[in-house]
Structure formats: structure tokens, C-alpha cells
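Every chain is numbered from 1, with letters handed out A, B, ... down the list of sequences. What you see is a predicted model, and the numbers here were worked out from it, not measured in a lab.
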Number of protein chains: 2
Amino acid sequence: MTSNEATPPGARTEAPITGAAGAARASRPRITSRDVARLAGVSQAAVSLVLGDKWHGRVSPGKAEAVRDAARELGYRPNLAARSLRMGRTRTALLVVPALTTEFFARVYTGAARVAADHGFGVVLYPSPEGIGPARDPFDSAAATLDGVIASSMAADALAPLRDAGLPLVMLDSAPDDHRATATVNLDIADGIRQLTTHLVALGHRRVTHLAADVRSWTFEVRARAVTDALHDVPGAHLRRLPTALHIDAGLRAAHAALTGPGPRPTALLCDDDIIAAGACKAVRRLGLRIPEDVSVTGFDDLALAVAVEPELTTVRLPAEEFGEAGMRALMAVLDGHPAPAPALPVELVTRGSTAPPADAPGNAARPGGR
Amino acid sequence: MTSNEATPPGARTEAPITGAAGAARASRPRITSRDVARLAGVSQAAVSLVLGDKWHGRVSPGKAEAVRDAARELGYRPNLAARSLRMGRTRTALLVVPALTTEFFARVYTGAARVAADHGFGVVLYPSPEGIGPARDPFDSAAATLDGVIASSMAADALAPLRDAGLPLVMLDSAPDDHRATATVNLDIADGIRQLTTHLVALGHRRVTHLAADVRSWTFEVRARAVTDALHDVPGAHLRRLPTALHIDAGLRAAHAALTGPGPRPTALLCDDDIIAAGACKAVRRLGLRIPEDVSVTGFDDLALAVAVEPELTTVRLPAEEFGEAGMRALMAVLDGHPAPAPALPVELVTRGSTAPPADAPGNAARPGGR
DNA sequence: GACCGGACGTGTTACGTATAACTTCCGGCG
DNA sequence: CGCCGGAAGTTATACGTAACACGTCCGGTC
């Protein structure tokens with residue numbers, strides 16, 4: 001009778017010492033829900049019910065307590081692979097970012113992860129390929145089946161397989177009618193640009209060069225359009241636009257071109273991004289010009305970089321964490337079947353030392369032959 | 001006989017049209033290996049063998065080809081949850097980084113992911129809590145069972161549950177005798193500091209203040225020790241050390257304190273990190289001093305930031321990607337049962353505009369009353 | 001002709017979980 | 001008394017895959 005393999009209730013032969021945080025558990029004797037059941041003297045099903053918090057009216061409070069104790073004592077952790085297989089869902093979302101280098105998306109992740117945790121979800125990151133093999137598949141990058149995807153529109157290229165699989169896809173800062181997305185969450189980029197432009201115009205700037213990121217992405221197209229629109233009605237305003245990559249030295253080269261090109265020299269460089277602005281600042285200084293006396297420079301994003309350079313950058317602060325939160329909330333809503341209407345998140349102008357009235361303000365006299 | 005549910009070979013009734021990249025697959029009719037088997041006219045086991053590349057001498061080349069064709073046509077993707085459950089392994093490694101903001105770890109990830117891919121592994125990121133709930137568990141952050149972990153020693157706090165589970169743990173830049181780690185991979189930080197110090201001493205600097213990151217971590221302890229050792233034998237050398245957090249304004253405050261404190265003013269600020277150095281530069285300039293004429297400043301890491309500030313930072317370039325590669329290789333070796341000996345990776349001094357001979361060199365006359 | 005072994009496959013099982021379906025007990029009610 | 005219905009459990013099953021163990025055929029060998 002004692003040799004029976006089904007351990008009778010009350011028998012707690014198995015666990016030798018353990019003591020809550022037994023440090024000496026070397027290799028892994030995987031603990032399953034059945035082990036917990038044996039120790040608690042119930043069936044495996046009961047364990048699943050109790051730990052899944054679905055036991056009300058199905059298991060007596062006493063046994064439920066016993067199950068929880070047993071689980072704790074054994075250090076039980078449900079096997080997520082088995083759970084996923086059974087449930088057909090993984091409670092995991094994928095966040096696709098254009099590149100990991102960006103502080104901005106780090107903050108987006110933080111917000112998204114917080115909301116996900118509230119829903120019992122995990123978040124897995126997928127940095128768009130850039131050095132990794134070109135055809136790397138977001139699917140297995142996580143080595144997990146996924147329930148949904150949140151992706152920066154900048155990284156939209158890698159998303160085809162995910163979309164084809166019919167996964168819900170929330171796009172960050174994407175065109176509202178983007179056919180690729182199940183839902184869309186936006187920042188009020190246009191308003192940020194508007195604030196920035198208004199600020200420059202109020203200081204007296206008329207000759208503005210827009211150093212525009214040469215990335216085909218909604219978020220940058222909006223910037224371009226908003227700059228154009230905002231300067232359209234300003235009398236005497238003259239806008240030029242130069243494309244540039246999202247790197248410091250690319251910004252430097254573009255700014256150099258802007259300042260040494262034909263026609264009157266611009267008094268303000270409006271940059272799509274703090275990184276570009278940092279490069280632009282270097283270019284200005286290398287030409288022997290001063291910021292902001294000779295040239296004003298503005299950034300976008302308000303990264304740590306914005307206060308690292310001298311002078312500190314006037315820029316637009318994006319609520320990155322709230323953005324991540326909104327994205328994850330939208331995904332959760334989609335998964336719950338609610339379609340999600342989402343207003344654009346407000347952004348904030350931060351004025352610092354890199355902008356000031358231009359030397360020739362406010363008369364705006366055309367200074368010919370700026371070289 | 002024809003009504004037998006086991007589809008006779010040759011029958012391909014199921015798939016209607018599909019045509020390789022059928023775009024209209026709205027919601028998900030999960031395609032399993034059994035579907036592939038049916039279409040190819042073989043058993044599910046054969047599909048598993050062929051797709052797992054274990055079919056040589058077990059399945060005829062013709063049928064193998066048929067299986068592959070069927071899989072392609074249906075767009076079959078193995079269910080990773082099921083595979084993990086069956087195999088007890090997930091082919092997934094977790095990379096724990098101290099914070100996502102750091103460009104350095106973004107590059108580490110890139111290298112690690114590349115090596116992992118070569119071994120058929122995926123990499124999942126876990127940014128140490130910092131805004132996320134304090135007790136967030138790396139285990140479920142991945143929503144996947146893991147085969148191994150690579151972690152920055154800076155983030156070692158969150159690793160207890162992983163270690164207790166008996167997972168192989170590779171520590172990055174950790175003490176070689178760190179009992180928490182299964183293996184350790186290091187950068188030759190000490191040598192980097194040595195090169196930096198030698199450079200400063202050669203320029204004539206004797207009064208050096210070390211702005212040391214106040215993070216309890218091997219990698220920073222090594223820096224401190226190396227600085228002390230390197231200056232120990234230099235006649236007339238005078239070293240001070242000030243702790244600072246890893247933020248720009250913390251660096252600024254520390255540098256301010258260093259430059260305005262009692263005793264002769266240091267001619268060089270040796271910073272543990274480019275970020276700190278960026279802050280230090282701001283402090284120097286705010287005091288009306290010039291870089292590098294009055295004060296030399298050095299960084300560490302060679303981030304993008306290092307060339308964004310003016311003047312560009314003399315710093316030490318860390319081979320971040322190779323570091324990630326080495327870490328992942330070590331993990332793979334552990335998983336294969338080979339113990340891994342690992343030499344420290346070499347680093348490289350990068351001299352730029354932020355260092356120069358001090359004004360009072362080389363006589364090194366003590367200038368009293370540095371305030 | 002009996003036996004062997006390799007090529008080519010298939011049937012079956014187990015991984016650990018969640019849950020539908022079933023059993024048993026028991027108090028209450030018509 | 002017969003029967004209903006809820007509480008308290010248990011049993012059984014399926015999720016999709018990998019791989020073990022088992023067949024069958026067939027050419028070759030003694």
C-alpha cells in the first residue's frame with residue numbers, strides 16, 4: 001500500500017529540504033502541475049483551476065490554499081510552451097523598432113511593456129535588421145508565437161510575413177489609412193512642427209532650411225508637409241529643403257551644403273531629428289558661425305543628446321512612453337474585439353539656447369551673396 | 001475504401017487555389033504539419049523528418065521534394081510552442097541589458113543575434129526594470145521558456161530567479177570568479193584605461209580627476225583600479241576620484257565639483273563613460289574654461305555622442321558587436337557541454353580633439369588656489 | 001531456401017497545460 | 001419518497017510536434 005505510486009494525501013515524502021529559497025537545485029528537475037497536484041493531494045485539473053484563478057465554486061477554499069502552498073514550496077512555474085500550445089495564444093506582443101540605437105524607442109518600449117504587464121502580456125523586441133542577416137524573420141526572432149505586433153512605420157518593410165499570417169498589427173505614427181495596419185496610433189507631429197515654426201517666425205526668421213530625413217515614412221512626410229504649410233502664409237518666408245540621413249555626419253554635410261549653397265544664407269536650420277541637429281551644429285561652428293546669433297538650429301524628439309550639445313537644442317518633446325502605452329492599449333483593444341479610435345498624442349515645444357532672433361531681424365533685408 | 005478517412009496517396013482535394021502567395025488569407029486557418037503531409041501524400045512523421053533535415057536514408061528524395069513543395073505551397077510554419085513543448089528546448093536566449101537607452105548594448109545585441117542565428121537560435125531582449133514594475137520577472141517577460149541567458153553584470157540584480165532555475169548564465173564584463181555566472185566574457189577594459197592614462201601622461205598631465213560611475217559593477221571597479229595603478233608610478237602624479245551617476249547632468253555636477261574644489265585644479269578629467277564626459281564638457285565651458293587648452297576631457301565607449309559634442313571626445317572604442325558575438329558563442333559552448341575559455345577582447349584608444357597638453361606642461365608647476 | 005540488413009515509411013506516444021464533460025455527494029423541496 | 005441542483009472534484013482530451021519503435025519490401029549471401 002505504501003508502495004502505491006499514487007501518493008496518498010498527507011504524504012509529503014518528496015521535497016527534502018527546499019526551505020523556500022533552496023540554492024542547491026543544480027540541473028533542472030522540471031516541476032509540472034502534476035507534481036504540485038501530488039503534493040497538494042488533488043488532481044492536476046484542480047491545480048490548473050486554482051492557479052488560473054477559476055476555482056470559485058469548483059474547489060473548496062481549503063484545498064485551494066493547499067495548492068497554492070504546494071506550488072510555492074516546489075517553486076512551480078507553468079510551462080509556457082505547453083500553455084501556449086493549449087490555448088492557442090501566447091500573451092506575447094512583438095514590438096518592432098527601426099533600430100535599437102534609438103533612445104526614443106527605448107522609452108516607447110517601457111510604456112508598452114507597462115501596459116502589457118497590466119494585461120498579463122509580455123513584450124518581445126525585434127530590432128529591424130541592420131547588420132543581422134537581411135532576411136531575418138521577425139517570426140522566429142522571438143522564438144515564440146505571437147498574439148500581435150506593434151511596429152514603427154519606419155520598420156514596415158520587415159512586416160510582410162507577419163501581416164500575411166493575419167496577426168493584428170498596430171502601426172506607430174503611420175498614415176491613418178495605411179492598409180497594412182489593423183490600427184494606428186499617432187503623435188501630433190504636425191502640431192509640433194507648427195509650434196516650432198511659429199517659434200522661429202516669431203523670433204523673426206524668414207529664411208529657413210528644412211533638413212529632412214530621407215526616410216520614406218509617414219512621420220517624416222508629415223514633418224515636411226507641416227513645415228511647408230506653416231511657412232506658406234508667412235510673408236517674405238523662404239523655405240528650402242535638403243534631404244539627409246539620420247546620422248550625425250550626414251546632418252553635418254547637409255547643413256554645410258545649406259549654409260554654403262547659392263542664394264542668401266538661411267538664418268534657421270529646422271532639423272527633423274535631434275541627431276541631425278547635432279550634426280548641423282557642428283557644421284555651423286566649422287564655418288565659423290555662431291549658434292544662435294548667426295544661425296538658429298532646432299531638433300526634434302528631445303533626446304538626451306539635445307542637452308549634451310552646446311548650446312542646448314530647442315526641440316519638440318515627444319511623449320515616448322505614453323506613445324508606447326497607447327500603442328499597446330490599441331493592440332489590446334483589437335485583441336478584445338473592440339475597434340480602437342485614437343486621438344493623436346500632444347507634443348510639446350521645448351525652447352533652449354539654440355534659437356534666437358536672427359542678426360538681420362526683424363527687417364528681413366535680403367543679404368545678397370551669402371557666398 | 002474510398003470513404004476511408006486516411007486520404008489515399010494522390011488525392012489532393014483540400015487546397016482550393018492558394019497559388020504560392022495567396023493574399024486573401026484573412027483570419028488564420030492554422031496550417032499544421034499534418035496538412036502538409038496530406039497534401040504531399042505522406043505521413044506527418046515524414047514531414048517532420050524532411051523539414052528537420054533528418055531524412056537521409058529514411059525518406060526517398062522524391063517524397064522529400066514533394067514535402068518541401070507542399071510546405072512552401074501552404075506557407076507552413078511550424079508551431080513553435082508545440083516544438084518547444086516536445087523538445088524541452090526553445091532555441092532562445094535572453095539578453096539582459098541594464099537599460100535600453102544605451103547604444104552600446106544595441107550593438108552588443110546585434111552581434112549576439114548574428115551568432116545566435118548561425119546556431120538556429122533567437123534572441124530576446126530584457127531591459128532591466130526602470131519604470132516597469134520593480135518585481136517584473138525576466139522569466140515571463142519573454143513569455144517563452146529559455147535555454148540560456150546573457151546578462152550585463154550591471155543588470156545582475158534581476159537574475160536571481162533565472163539562476164535558481166538552473167539556466168546557463170553568461171555574464172558580460174563580470175569578475176572572472178563571479179559565482180553567479182556559468183561563464184564570463186570580458187573586454188580588456190583595464191588595457192583601455194591604461195592606454196588612455198598613458199596618453200594623458202604623455203601629453204604632460206599630472207593632476208587627473210577620475211569621474212567614476214557610481215555603479216557597483218565589475219566593469220567600473222576595473223576602471224578605478226586601472227586608473228590608480230597606471231598613475232601610481234608616474235612621478236608627480238596626483239589622482240582624485242569623484243563618483244557620479246551615468247547621466248549628463250550628473251557628470252556636469254561632478255565635473256563642476258572637480259574643477260572648483262579645493263587644491264590645484266586638475267588638468268584632465270578622465271570619465272568612465274562618454275555620457276559623463278559630455279556632461280563634464282558642459283561644466284568646463286560654463287566655468288569659462290576651454291577644452292582642451294585649459295582642461296582635457298576623455299570618455300569611454302565611443303558612442304555616437306562622442307563625436308556629437310564639441311570638441312569631439314578622445315575616448316576608448318569598445319568592440320561592442322564582437323562582444324555580443326563572444327557572449328553568444330560562450331553560451332552556445334556551454335549548451336554544447338564544452339567549457340569555454342575566453343580571452344578578453346582588445347579595445348582601442350581613439351584620440352580626438354578633447355585632449356591636448358596642459359597649459360602648464362611640462363614643468364607641472366603647482367598652481368595654488370585653483371579656485 | 002533461409003536469413004540478413006538496409007531503404008523507406010508509418011503508427012504511436014509524450015511533452016504540460018486548460019477545460020469540457022462527467023461523477024459523486026448532499027441538502028432541500030414538492 | 002423521488003428528484004433536482006449546486007458544490008467539489010476527477011477523468012479525459014486536444015493542442016502540434018519530434019522521434020522511438022515497429023513494419024515491409026527487396027536485393028544479396030551462405
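- No donor-acceptor pair under 3.5 Å is formed between the side chain of Thr182(B) and the backbone N or O of Pro168(B).
- Applying the salt bridge (Lys or Arg N to Asp or Glu O under 4.0 Å) criterion to Arg58(B), with sequence neighbours excluded, gives no partner residue.
- Near DNA chain D, meaning a heavy atom under 4.0 Å away, the residues from residues 48-60 of chain B are Ser48(B), Lys54(B), Arg58(B).
- Residues that satisfy the salt bridge (Lys or Arg N to Asp or Glu O under 4.0 Å) test with Asp118(B), not counting sequence neighbours, are absent from this structure.
- A straight line from CG of Leu80(B) to P of dT17(D) spans 9 Å, rounded to a whole angstrom.
- Remark: Arg89(A) pairs with no residue by the side-chain hydrogen bond (donor to acceptor under 3.5 Å, both in side chains) rule, at least two apart or across chains.
- Glu322(A) meets the salt bridge (Lys or Arg N to Asp or Glu O under 4.0 Å) test with no other residue; sequence neighbours excluded.
- Heavy-atom nearest nucleotides on DNA chain C were determined for Pro61(B) and for Pro78(A), and the one closer to the 5' end corresponds to Pro61(B).
- Heavy-atom nearest nucleotides on DNA chain D were determined for Ala45(B) and for Ala82(B), and the one closer to the 5' end corresponds to Ala82(B).
- Using a 4.0 Å cut-off, no side-chain N or O of Thr32(A) falls inside it from OP1 or OP2 of dG16(C).
- Between dT17(D) and Ser33(B), a contact under 4.0 Å exists linking OP1 or OP2 to a side-chain N or O.
- Here Asp173(A) pairs with nothing under the salt bridge (Lys or Arg N to Asp or Glu O under 4.0 Å) rule; sequence neighbours left out.
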